[in-house]
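Since the structure comes first, as structure tokens, the remarks are kept for the end.
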There are 2 protein chains.
Amino acid sequence: MCSRCNYREILERAGLEATPGRLRVLEVVGGHPAPLSAADIHRTVNRTGRLDRVTVYRILDRLVREKILQELSLGGRRRLYGMAPSEHHPPHPHFRCARCGAVQCLPPGGVRVDLGGVRRVFAGEIREVEVRLEGLCANCLSRA
Amino acid sequence: MCSRCNYREILERAGLEATPGRLRVLEVVGGHPAPLSAADIHRTVNRTGRLDRVTVYRILDRLVREKILQELSLGGRRRLYGMAPSEHHPPHPHFRCARCGAVQCLPPGGVRVDLGGVRRVFAGEIREVEVRLEGLCANCLSRA
DNA sequence: TCGGCGCCTGCAACTATGTTGCATAAGGGG
DNA sequence: CCCCTTATGCAACATAGTTGCAGGCGCCGA
Ligand SMILES: [Mn+2]
Ligand SMILES: [Mn+2]
Ligand SMILES: [Zn+2]
Ligand SMILES: [Zn+2]
């Protein structure tokens with residue numbers, strides 16, 4: 001888990017009961033260096049106890065609605081989950097290897113985005129910006 | 001369809017037969033101002049003729065592999081398809097309304113991305129950058 | 001202490017989207 | 001016209017996510 005996050009407190013601040021299932025999901029997601037799929041999370045959580053697949057989906061939906069987790073669509077059919085941007089978790093871009101499909105979190109601050117041109121002409125309201133990079137990961141590069 | 005694109009020529013340059021199915025898929029995608037799902041494309045193409053659902057998927061896969069179309073994952077379960085960046089189709093960011101789910105293409109050039117910080121530390125090779133915006137569309141804003 | 005109520009969980013069935021296997025059809029080069 | 005390749009259709013299948021409903025468990029008020 002992320003050493004600076006108190007998951008119980010995060011849940012309670014959002015008005016959610018700190019159930020064992022929710023705590024374990026948060027520990028798994030917060031403790032992994034890259035975003036995970038629902039299946040990954042289900043598998044991992046079930047190494048130490050038991051939590052139904054559907055319950056995992058419902059926990060993920062809820063935590064995303066409360067902006068505790070962030071849902072990413074990075075190509076492929078599965079959605080990935082990571083900690084939502086917050087004090088301890090600055091927003092950052094993600095990278096996906098076109099060859100092996102691996103997804104990585106990139107360091108925050110490494111990408112600067114200027115929305116000026118869009119804000120001047122777009123009639124809606126922009127709330128979030130997601131940057132997704134694609135290419136070849138170090139691993140695939142070296143064995144290419 | 002896009003008035004500046006000769007789909008037959010695009011297919012032949014990629015070494016693909018210009019079959020009626022492929023031409024119709026390209027006309028539908030190229031003629032729509034926002035990216036479309038496979039189901040959208042299937043439905044539209046079948047208003048004027050007949051093309052199997054599976055054939056539509058295979059055509060889309062092929063055209064994406066040949067970089068004639070671009071596949072977008074913008075949240076939700078379905079992938080969307082638009083013309084790939086090319087001479088007549090400059091790359092541009094996409095917007096998705098968090099309320100109604102509508103997806104829009106934004107004007108090219110409105111967003112500038114500076115990857116300097118990432119390129120200095122990332123060991124892989126970055127080939128594509130995708131910017132995805134989320135918020136409320138003009139429609140949902142006005143009725144909110 | 002009891003009963004009711006809300007929230008969380010499990011389980012089965014279901015939906016939506018995409019994929020595979022295999023047979024048939026189309027079409028271009030001899 | 002024949003042969004070969006490639007495209008298409010159709011049925012079955014696979015994967016990821018969703019829904020309905022019932023049981024459990026804690027909490028609160030009577
Ligand atoms: Mn991340
Ligand atoms: Mn577009
Ligand atoms: Zn890779
Ligand atoms: Zn909207």
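Quick caveat, the model's predicted, so the values are computed rather than measured. The chains referred to below are lettered A, B, ... by the order of the sequence lines, with proteins before strands, and numbering in each begins at 1. Keep in mind that the numbers below use all heavy atoms, side chains included, and drop hydrogens, waters and symmetry copies.
- The A:Thr55 side chain lies nearest to C:dG10 when the options are C:dC7, D:dC10, C:dG10.
- We find that A:Arg96 and A:Glu134 are not joined by a salt bridge, their nearest charged nitrogen and carboxylate oxygen being 4.0 Å or further apart.
- Nucleotide C:dA26 holds its P atom 16 Å from the CZ atom of B:Arg22, rounded to whole Å.
- The distance from atom CZ of B:Arg79 to atom P of C:dT19 is 5 Å, rounded to the nearest whole Å.
- One interatomic measurement links the two molecules: CG of B:Leu16 to C1' of C:dA26, which rounds to 16 Å at whole-angstrom precision.
- A donor-acceptor contact under 3.5 angstrom links the side-chain atoms of A:Arg77 to the base of D:dT15.
- Nearest-nucleotide positions on DNA chain D for B:Val54 and B:Thr19 put B:Thr19 closer to the 5' end.
- Remark: P of D:dG17 and CD1 of A:Ile41 are 10 Å apart, rounded to the nearest angstrom.
- Rounding to whole angstrom units, CG of residue A:Leu72 and P of D:dA16 are separated by 17 Å.
- B:Arg78 comes within 4.0 angstrom of the backbone, heavy atoms only, and of no base.
- A salt bridge links B:Arg43 with B:Asp40: at least one charged nitrogen is closer than 4.0 Å to a carboxylate oxygen.
- Residue A:Leu72 is tested with A:Ser37, A:Cys105, A:Pro35 for a side-chain contact (heavy atoms from CB on, under 4.5 Å); the sole match is A:Pro35.
- Across the protein-nucleic acid pair, B:Arg65 atom CZ and D:dT6 atom P stand 12 Å apart, rounded to whole Å.
- The side chain of A:Arg50 has C:dG10 as its nearest neighbour among C:dT19, D:dC10, C:dG10.
- Comparing A:Arg58 and A:Ala39 by the nucleotide of DNA chain D that holds the closest heavy atom to each, the one mapping nearer the 5' end is A:Ala39.
- Residue A:Ile59 has its side chain nearest to C:dT9 when only D:dT18, C:dT9, C:dT19 are considered.
- Inter-residue side-chain proximity for A:Arg62 and A:Arg22 is flagged as met; some heavy-atom pair is nearer than 4.5 Å.
- Contact annotation for A:Arg53: base contact, defined as any heavy-atom pair under 4.0 Å involving a base atom.
- Following rounding to the nearest Å, A:Glu17 (CD) and D:dC28 (P) show an atom-to-atom distance of 11 Å.
- Using modelled atom types, one finds a donor on one side chain and an acceptor on the other under 3.5 Å when comparing A:Arg24 with A:Thr48.
- In this structure, the OH atom of B:Tyr57 is 15 Å from the P atom of D:dG9, given to the nearest Å.
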